Chemist: 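Here it is, the structure, as structure tokens.
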Amino acid sequence: MNLRERIEKLKDSLRRAGYEEFVKIETAHISGISYINIGEPGLEFLEDIAREELRTRTFTTCNPSCMCVEDLRTGTEEAEKQREIIDILKSIGVSTWLTCTPYEYMRIRKERYYAWSESSAVAFINSIFDAYTDKFPGPLTLISALTGEAPKTEILREEERYPRIIVEVDNDRRLGIVEAGILGMMIGSQYRGKLEIPYVKFRKTPFTSIEAIKSFLAAFSTFSNCPLVIMEGLSVNYRKYREKMCIECKLKIDMRDILSNLKDLSVRSSLKDLDDRSLVVIGCPHLSKNGVTRLIDVASSIMLRSHIWVFTCRFNKVTSSERRNIKVIYDTCLFVSSYIEDIKDKFDRIYTISLKQYYYLTKRVRDLEVLILVDKEIEEMLNNVSGSSLLVDV
Ligand code: F3S
């Protein structure tokens, strides 16, 4: 069977699964490539693809792995398996960027089709750039990468993207990273359905930084199955959506609701007060280049007893990845990493500023306390940080 026949066979199996129409995609982005998450079944699936000698037909990137590339040489079982996964991905043509924020390093075009599977990235490119992608499962994204086409699911049809819910946020100021995550969680857990697309109106300019926008969308997509939220003044094409939306229900959120959820879920502390058994994790989703640079500059001038781990993409490499108690780690994130096993003896608690990271870490980590940290210094360090290619054209 030649390549064309094999691809047709793959598409037939998708048609049998109920997907009738296919669209050409601009790029694909595969999640679930960490050996910690996919284990042997995932590796075997990739080995099958490699045996078929298939190649990607569109530019394809992938999510973080279970360790940084340098640690793949350590000879542990996880390192060997992860290396195998990365080698297979490379052999079929995947650009192994190992980041969950690929949109920061490529141009995303509005109203074009994509096949992406990382929920926070899907929510970001749909909501900010008006790109058309579903939150496709990892294996289906891989097949889309190999065929260059994705099934045209509901969210890829313009008429299905019109909001049906209006959310009015009575914010009296810009929301910081943790507050933005709380808001994302509140809206996401209220409207969990795939096509319950909210149109969010803010009283004042909504967010302090690009990191706060990422935090909002990551939390929203963690607590909801909906891959899209339209934000007035922020989403490309929001005017078109405002004209065409057909509102069925309304929700009002004021600052007091956000702050009371924040109080219930988080601890307020200062970096200086945390002890040496505390690990502060920053970079879910992966921190942008400007964020990394600023954090390293400012935090390394503070006398810290606690440790800060910053997770980011290798494209943001800094000259010195370890300064005092601050470490920049590339290609992975704590949740999908094998590092959790190593830190159990060193730390008693993990602090995060990401609602998404908090949600997943509390499910994975048993022996350490996981807390959401509200810290003025971190917020100030990342305030007004802009992403490299994230100038939003409204
Ligand atoms: Fe990215 Fe890991 Fe968070 S993949 S979105 S940093 S859980």
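What you are looking at is a predicted structure, and each value in this text was computed from that prediction instead of being measured. Order of appearance sets the numbers: ligands from 1, and atoms from 1 within every ligand.
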Chemist: Go through ligand 1 atom by atom and flag the ones less than 4.0 Å from a non-hydrogen atom of S120.
Modeler: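 Once the distances to S120 are compared, the set is 5 (S).
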Chemist: Without hydrogens or angle criteria, can the side chains of N290 and T293 be said to hold a donor-acceptor pair below 3.5 Å?
Modeler: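 Note: N290 and T293 side chains miss the donor-acceptor criterion.
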Chemist: Just checking, is any N or O donor in the side chain of T208 or N383 under 3.5 Å from an acceptor N or O on the other one?
Modeler: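 Yes, side-chain donor-acceptor contact under 3.5 Å.
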Chemist: Of all the non-hydrogen atoms in the protein, which one sits nearest to atom 2 (Fe) of ligand 1, and at what distance?
Modeler: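 Here the closest protein heavy atom is C333 SG, 2.3 Å.
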Chemist: In a check of salt bridge (Lys or Arg N to Asp or Glu O under 4.0 Å) between D130 and each of R239, K110, R161, which one passes?
Modeler: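 It is R161; the other options fail the test.
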Chemist: Do S321 and Y330 have side-chain atoms, one donor and one acceptor, less than 3.5 Å apart?
Modeler: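 Yes, because at least one side-chain N or O of S321 sits under 3.5 Å from a partner of the opposite role on Y330.
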Chemist: Considering only protein heavy atoms, which is closest to atom 1 (Fe) of ligand 1, and at what distance to one decimal place?
Modeler: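 Going by distance alone, atom 1 (Fe) of ligand 1 is nearest to C100 SG, 2.4 Å.
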Chemist: Which atoms from ligand 1 have a heavy atom of G283 less than 4.0 Å away?
Modeler: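 Listed by number with element, the hits are 6 (S).
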Chemist: Does ligand 1 have a heavy atom under 4.0 Å from the side chain of C284, from its backbone, from both, or from neither?
Modeler: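 Both the backbone and the side chain of C284 come within reach of ligand 1.
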Chemist: Between atom 1 (Fe) of ligand 1 and H286, is there an N, O or S atom separated by less than 2.8 Å?
Modeler: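 No.
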Chemist: Check T27, T141, T133 against W116 for a side-chain hydrogen bond (donor to acceptor under 3.5 Å, both in side chains) and give me the one that passes.
Modeler: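 The option that passes is T27.
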Chemist: Students often mix this up, so state it plainly: with edges at 30° and 60°, are the rings of W309 and F311 parallel, tilted or perpendicular?
Modeler: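 Aromatic pair W309/F311 classed perpendicular.
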Chemist: Which ligand 1 atoms, with their elements, are less than 4.0 angstrom from a heavy-atom of E118?
Modeler: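 Heavy-atom distances to E118 below 4.0 Å select 5 (S).
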